[in-house]
Each structure stands twice: as C-alpha cells, then as structure tokens.
Amino acid sequence: MSRIGIIPNLSKDNDLHLTESIAKWLLDNEQEVLLGNSIASRIGKPELGLKNEDIFMNSDFLIVLGGDGTLLNIARQSAYYNVPLFGINLGHLGFLTEVEAEEMFPALEKLIAGEYEIEKRMMLEATVETDNIQLEKSVALNDIGITKGPFARIIRLGIYINDDFVDLYSADGVVISSPTGSTAYSLSAGGPIVSPEVKVMIITPICPHILHSRSIVVSNEDVVKIEVCQNNTEVMLTVDGQQGYKLKAGDVVTIRQAQCHTSLVKLKDRSFFQVLRKKISEKWDSNRKF
C-alpha cells in the first residue's frame, strides 16, 4: 500500500469531480489517500485532511492535477521533501505533466503496480543581495528571469560567471534556465533546447539591444551573478514566471544549482525528444487557428 497525496488546481477542477474520482479509485484499490484539509472536507472525507507540509512529508507520491504551471508551483513547495510528482494534465501544453485526464485511471493502475521510473530534474537556487545583505532566497525548476517593468525601456545588467565579468547586457532582461526550463521562456527568447539529462545552466538575453549577444551555456557547478545597474525603469526578478520581487540598482542576484531536485514519475516509454516533437507540433497547430 502506498500513501498518495492529491493536490488539485482548484481553477481547473473547481467542482473537485476529478479529485474525488481519483481519491475514491485509490481508496477502492486499498491505497492511503492524503488531501488538504479544505479539499478533504469539500468531498466529504475530512478524515483524509492534512496541512500541505504534512502531505509533502508523508506521501510516497504526489498526484498533481493541473497544467505545467501547477506542477512548477508544487515542485517549488515540495522541493526539500524529495517526494515524486505525478502530473495529470488539465491545462494546455503539458510538457511536465505525464498523462492527460482521459488516461488517468490506466496510468494509476501502473503507478500502484510499480510500473514506473523516477526522473530527477535539476533545480536552480537564486539569492538576492543588497549592500551584502541577503534579502530573498528561492528555488526554481524552470528558470530565473530578471526583466524590465511595465515601461518599454531597456535595462542594463552586468553578467559574471564565477566572479569573472562576462558582459554588460542592454536588453529587456535575461533568463537563466535549467535544462527543464530550456523549452519554456528561454526557448521563446532564442535559447537552445537542452536535454534534461544534461546538467547545465543556460543564460539567454531577452531582446538584446546589441548584435553579438547570444545564449551562454555553463556547467551546473558554475555560479552566475547578475548585477543590476542604474536604470530608469523598474526591474523585476521572477521565479518560474510565478513569483516576483522588485530589484534596485546595486542589487546582485546569484544563481547556482540548488541542493534539492524535482522527481517526476515517468510511466511511458517515450523520450524527451518524442515529447518535444509532439508538444511543439500541438502548440504550432493551436497557434495557427488564430
């Protein structure tokens, strides 16, 4: 018997129909189910309710109901608990989620039968320092972005690798990506696609205002520092595109490989490049409809 937590995105499963169906199926198949307190009460199973931290700590697996954004959010929250995530896609693209909603029950049969592999994904850690005082520390599965605010003005950022000065970027910003995040914001900014098995970080300028700026790929053992120069507009730090912090001139953002990682449950015998080809084709076909 496994202890399986279920974390739904309430905007995508707002009536909790799928959450309740999965919980019932797991209980009928003699698995232990862990739910958030409010979720458990809403489906009439208050005895299954726990705080999220307790779900992360006590689950053998976490079923995440939502899209890639939901999985990124839960990956950050559960990063230090080393619990494998099993994503069921209720969103659009679904690079990180493992199965679609219509496939979930056959997939759950494989999960409880042990017919799966665990894939470990590198994460990034970002710290913000001002006047040599650490203000913020965050982890990301996809990327760390430093971008301009709401006004259409370029910003200037000094880039350092292992304390060696690399260049001064005049751009809309810069995104530092993990291999997992290479198919997200970094790709849209012109960065390379990198297999998640490769342990690197990708530094990609966003709309650079000089001709020679290109992506830089560095080792996972390197340390990237970005200094915010004097700018005439607001500068923001974003974590996986979901958390944001304001930066000011003189702030330094240090990015390195995190000590934690994200574990993803993999059921299907398909490669990263098979998923990439399918999902990029779906995105292209979807965009052509408009």
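All of these numbers come straight from a predicted model, not from anything done at the bench.
- Checked by atom type, the side-chain pair Gln31/Arg3 shows no donor-acceptor distance below 3.5 Å.
- By the neighbour-count criterion of 12 heavy atoms within 6.0 Å, atom CZ of Arg42 is densely surrounded, having more than that number from other residues, nucleotides or ligands.
- To the nearest 0.5 Å, atom CE of residue Met1 and atom CG of residue Leu26 are 11.5 Å apart.
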Do Ile193 and Thr183 pass the side-chain contact (heavy atoms from CB on, under 4.5 Å) test, and can you show the C-alpha distance, the side-chain angles, and the key distance before you say yes or no? CA-CA 6 Å; Ile193 294 173; Thr183 55; 4.2 Å; yes
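- Interatomic distance, CG of Leu247 versus CE of Met236, reported as 7.5 Å (0.5 Å rounding).
- Among all heavy-atom pairs drawn from Gly158 and Cys229, the shortest one is N-SG, 3.9 Å.
- Atom CZ of Arg76 and atom CD of Gln243 lie 4.5 Å apart (nearest 0.5 Å).
- Between Ile226 and Ile176 the shortest side-chain heavy-atom distance falls below 4.5 Å.
- Taking 4.5 Å as the limit, some side-chain heavy atom of Glu125 sits within range of a side-chain heavy atom of Lys137.
- The cluster map of Ile, Leu, Val, Met, Phe, Trp and Tyr, joined by side-chain heavy atoms under 4.5 Å apart, puts Met57 and Leu62 in the same cluster.
- Leu141 approaches Thr180 most closely through the heavy-atom pair O-CB, 4.0 Å.
- Both Leu65 and Leu16 sit in one connected hydrophobic cluster of ILVMFWY residues. Membership requires side-chain heavy atoms under 4.5 Å apart, directly or through other members.
- Under the 4.5 Å side-chain criterion, counting only non-hydrogen atoms from C-beta, Pro192 is in contact with Val217.
- One distance of note links OG of Ser2 with CD1 of Ile112; it measures 8.0 Å at 0.5 Å rounding.
- The environment of Glu47 atom CD is dense: over 12 non-hydrogen atoms of other residues, nucleotides or ligands sit within 6.0 angstrom.
- Side chain of Asn162 to main chain of Asp222: no donor-acceptor pair is present (N/O by atom type, distance under 3.5 Å, no hydrogens or angles).
- Under a cut-off of 6.0 angstrom, the local environment of CD in Glu115 is crowded, with over 12 non-hydrogen atoms contributed by other residues, nucleotides or ligands.
- Residues Pro179 and Val200 meet the side-chain proximity criterion, which asks for heavy atoms closer than 4.5 Å.
- Taken together through direct or relayed side-chain contacts under 4.5 Å among Ile, Leu, Val, Met, Phe, Trp and Tyr, Met104 and Leu267 form part of one hydrophobic cluster.
- Looking at Ser177 and Asp143, their side chains never bring a donor and an acceptor atom within 3.5 Å of each other.
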Would you check, one step at a time, whether the test side-chain hydrogen bond (donor to acceptor under 3.5 Å, both in side chains) holds for Lys12 with Thr70? CA-CA 10 Å; Lys12 298 183 184 298; Thr70 308; over 6 Å; no
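- The 12-atom threshold is not exceeded at NZ of Lys120, counting heavy atoms of other residues, nucleotides or ligands nearer than 6.0 Å.
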Let me see the working for Ile155 and Tyr169 under side-chain contact (heavy atoms from CB on, under 4.5 Å), right down to the final yes or no. CA-CA 8 Å; Ile155 59 175; Tyr169 284 178; over 6 Å; no
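- Linking Ile, Leu, Val, Met, Phe, Trp and Tyr residues whenever their side-chain heavy atoms come within less than 4.5 Å leaves Val175 and Ile159 in two separate clusters.
- Classification of Arg121 and Glu119 as a salt-bridged pair holds, one side-chain N sitting under 4.0 Å from a carboxylate O.
- Considering every non-hydrogen atom in both Ala107 and Phe86, the closest pair reads CB-CZ, 3.8 Å.
- Note on Met122 and Ile118: separate hydrophobic clusters, where clusters join Ile, Leu, Val, Met, Phe, Trp and Tyr whose side-chain heavy atoms are under 4.5 Å apart, directly or indirectly.
- The number of heavy atoms from other shown groups lying within 6.0 Å of NZ (Lys246) does not exceed 12.
- Other residues, nucleotides and ligands contribute more than 12 heavy atoms inside 6.0 Å of the CD atom of Glu102.
- You'll find the side chain of Trp25 reaches within 4.5 Å of the side chain of Leu108, heavy atoms only.
- The backbone N or O of Gly181 lies less than 3.5 Å from a partner atom in the side chain of Ser178, making a donor-acceptor pair.
- Put simply, the side chain of His261 reaches to within 4.5 Å of the side chain of Asn82, judged on heavy atoms.
- Between Tyr185 and the options Asn142, Thr147, Thr204, a side chain to side chain contact (heavy atoms under 4.5 Å, CB included) holds for only Thr147.
- To the nearest 0.5 Å, the span separating CD1 on Ile216 from CD1 on Ile203 amounts to 5.0 Å.
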Evaluate the side-chain contact (heavy atoms from CB on, under 4.5 Å) criterion for residues Ile255 and Met201: first the C-alpha distance (whole Å), next the side-chain angles of each, then the deciding distance (0.1 Å), finally the verdict. CA-CA 9 Å; Ile255 299 153; Met201 295 184 287; 4.3 Å; yes
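- Distance NE2/His17 to CG/Asp13: 8.0 Å, rounded to 0.5 Å.
- Closest non-hydrogen pair, Ile202 versus Ser215, comes out as CG2-CB, 4.3 Å.
- Taking each heavy atom of Ala140 and Val239 in turn, the nearest pair found is CB-CG1, 3.7 Å.
- Counting non-hydrogen atoms of other residues, nucleotides and ligands closer than 6.0 Å to CD of Glu53 gives a total above 12.
- Within 6.0 Å of the CG atom in Asp28, the count of heavy atoms belonging to other residues, nucleotides or ligands exceeds 12.
- Side-chain contact between Asn9 and Leu90 is absent, with no heavy-atom pair separated by less than 4.5 Å.
- Ring planes of Tyr116 and Phe61: perpendicular class, angle over 60° (limits at 30 and 60°).
- Counting heavy atoms from C-beta on, the side chains of Ile88 and Val64 never come closer than 4.5 Å.
- Here the rule is side chain to side chain contact (heavy atoms under 4.5 Å, CB included) with Leu35, and of Ile7, Thr19, Leu50, Asn52 only Thr19 fits it.
- Taking all atoms of both residues into account, the shortest heavy-atom contact from Gly49 to Asn37 is C-OD1, 3.0 Å.
- Ionic pairing of Lys266 and Glu98 is present here: one or more N-O contacts between side-chain nitrogen and carboxylate oxygen are shorter than 4.0 angstrom.
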